[in-house]
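Scroll down for the structure; my scribbles are underneath it.
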Amino acid sequence: MDCNRLDYIKSVTDQGDDKQWAYPEYPIGAYFRLNFKRRESTTVVESHARKLPKGSLLILSQIPHDCKDNTTVEHKKIPDGCKKRYLTHVVELVNEASEDEPQWGEEVWGIFRWVKVHWITDFSNCRKIPVELDVIKVKWSRRNTYAISLESKTLKAHWNDVHDLREHLKKELNLCCPKVQ
């Protein structure tokens with residue numbers, strides 16, 4: 001994995017019963033459809049999904065609804081006041097948008113880009129899943145379904161240089177990549 005291509009962070013949610021993590025079933029090397037939720041202004045979401053360049057790496061961030069307690073092996077609902085955002089995946093966009101677009105549907109989650117998993121957290125132990133704010137050190141604007149550039153104003157205000165942020169993410173997530181340039 002080339003961490004110099006680590007370009008975006010994207011908020012994701014489980015599409016099902018709101019009780020699970022999004023995309024936990026895909027191991028390193030697996031491919032899946034990274035969804036973008038349709039809103040009233042479908043063309044804006046479609047345009048955004050089209051603009052993300054093939055080869056870019058995205059960090060996926062999410063808030064769980066429940067979590068497995070490793071002591072009791074019981075699933076417990078996380079109280080709203082205790083919910084945090086977690087970094088759960090690093091994925092690569094594997095196609096040009098023009099290759100994915102013919103497969104798009106009209107349903108709410110019909111807009112997607114095919115991605116390949118390069119890193120995934122250990123979902124079996126919530127205490128070891130990286131907390132977004134602890135790692136990135138900044139509360140960033142989530143803008144619903146959009147992927148936000150690591151060079152956004154909010155992140156640059158804290159990190160100044162995207163290379164420093166990439167190197168920090170590489171260390172914190174224990175990513176296997178050569179030195180960031």
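Remark: the backbone N or O of A22 is paired with a side-chain donor or acceptor of Q62 at under 3.5 angstrom. In this structure, the side chain of D122 engages the main chain of S124 through a donor-acceptor pair within 3.5 Å. Proximity of a side-chain donor or acceptor of T121 to a complementary backbone N or O of F123 within less than 3.5 Å is not detected. At least one donor-acceptor pair closer than 3.5 Å links the side chain of H168 to the backbone N or O of V135.
Listed here is the closest heavy atom pair of A49 and A97: O-CB, 4.1 Å. For K54 against V94, the heavy-atom pair with the smallest separation is CE-O, 3.3 Å. Nearest heavy atom pair, residue I136 against residue H158, reads O-CD2, 4.1 Å. What you find for L93 and P53 is that their closest heavy atoms are CD1-O, 3.4 Å. Shortest non-hydrogen contact noted between I120 and H89 is CD1-NE2, 3.5 Å. Counting all heavy atoms, side chain and backbone alike, R113 lies closest to R50 at NH1-O, 4.2 Å.
Rounding to the nearest 0.5 Å gives a distance of 6.5 Å between CD of E101 and CD of E46. The CD atom of E106 lies 8.5 Å from the CD1 atom of I111; values are rounded to the nearest 0.5 Å. A distance of 8.0 Å separates CG of L155 from OG of S149, quoted to the nearest 0.5 Å. Note that the CG atom of D100 and the CG atom of L52 stand 10.5 Å from one another [nearest 0.5 Å]. K170 contributes atom NZ, which lies 9.0 Å from atom CG of N4 (distance to the nearest 0.5 angstrom). With rounding to the nearest 0.5 Å, the separation of NE2 in H118 from CD1 in I59 is 13.0 Å.
Inter-residue side-chain proximity for K116 and F32 is flagged as unmet; no heavy-atom pair is nearer than 4.5 Å. Between E92 and M1, the closest side-chain pair of non-hydrogen atoms is not below 4.5 Å. At least one side-chain heavy atom of V45 sits less than 4.5 Å from a side-chain heavy atom of Y146. Put simply, the side chain of N174 does not reach to within 4.5 Å of the side chain of W119, judged on heavy atoms.
Of the N and O atoms on the side chains of R5 and S56, not one donor lies less than 3.5 Å from an acceptor on the other residue. A donor-acceptor contact closer than 3.5 angstrom links the side chains of Y23 and N35.
Partner of C3 under the side-chain contact (heavy atoms from CB on, under 4.5 Å) criterion, chosen from L175, L173, L169: L175.
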Apply side-chain contact (heavy atoms from CB on, under 4.5 Å) to Y8 and L57, showing your working.
CA-CA 7 Å; Y8 298 95; L57 296 172; over 6 Å; no
After noting the C-alpha distance and the side-chain angles of E132 and I9, does the key distance pass the side-chain contact (heavy atoms from CB on, under 4.5 Å) rule?
CA-CA 10 Å; E132 178 187 289; I9 185 166; 4.1 Å; yes
With side-chain contact (heavy atoms from CB on, under 4.5 Å) as the criterion, how do W114 and E99 come out once you've worked through the C-alpha distance, each side chain's angles and the decisive distance to 0.1 Å?
CA-CA 9 Å; W114 278 102; E99 297 172 271; over 6 Å; no
Could you go step by step and tell me if L150 and L6 meet the side-chain contact (heavy atoms from CB on, under 4.5 Å) rule?
CA-CA 8 Å; L150 293 185; L6 194 53; 4.0 Å; yes
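Linking ILVMFWY side-chain heavy atoms closer than 4.5 Å, directly or via other members, places L87 and L133 in two distinct hydrophobic clusters.
When the shell of 6.0 Å around CD of E107 is examined, it contains more than 12 heavy atoms from other residues, nucleotides or ligands.
Under the 6.0 Å cut-off for aromatic ring centres, Y86 and W21 qualify, their centroids lying closer than that.
Under 4.0 Å is where a charged nitrogen must lie from a carboxylate oxygen, and between R166 and D7 at least one such pair does.
Both the sub-6.0 Å distance and the 45° axial angle are satisfied by K10 relative to the ring of F36.
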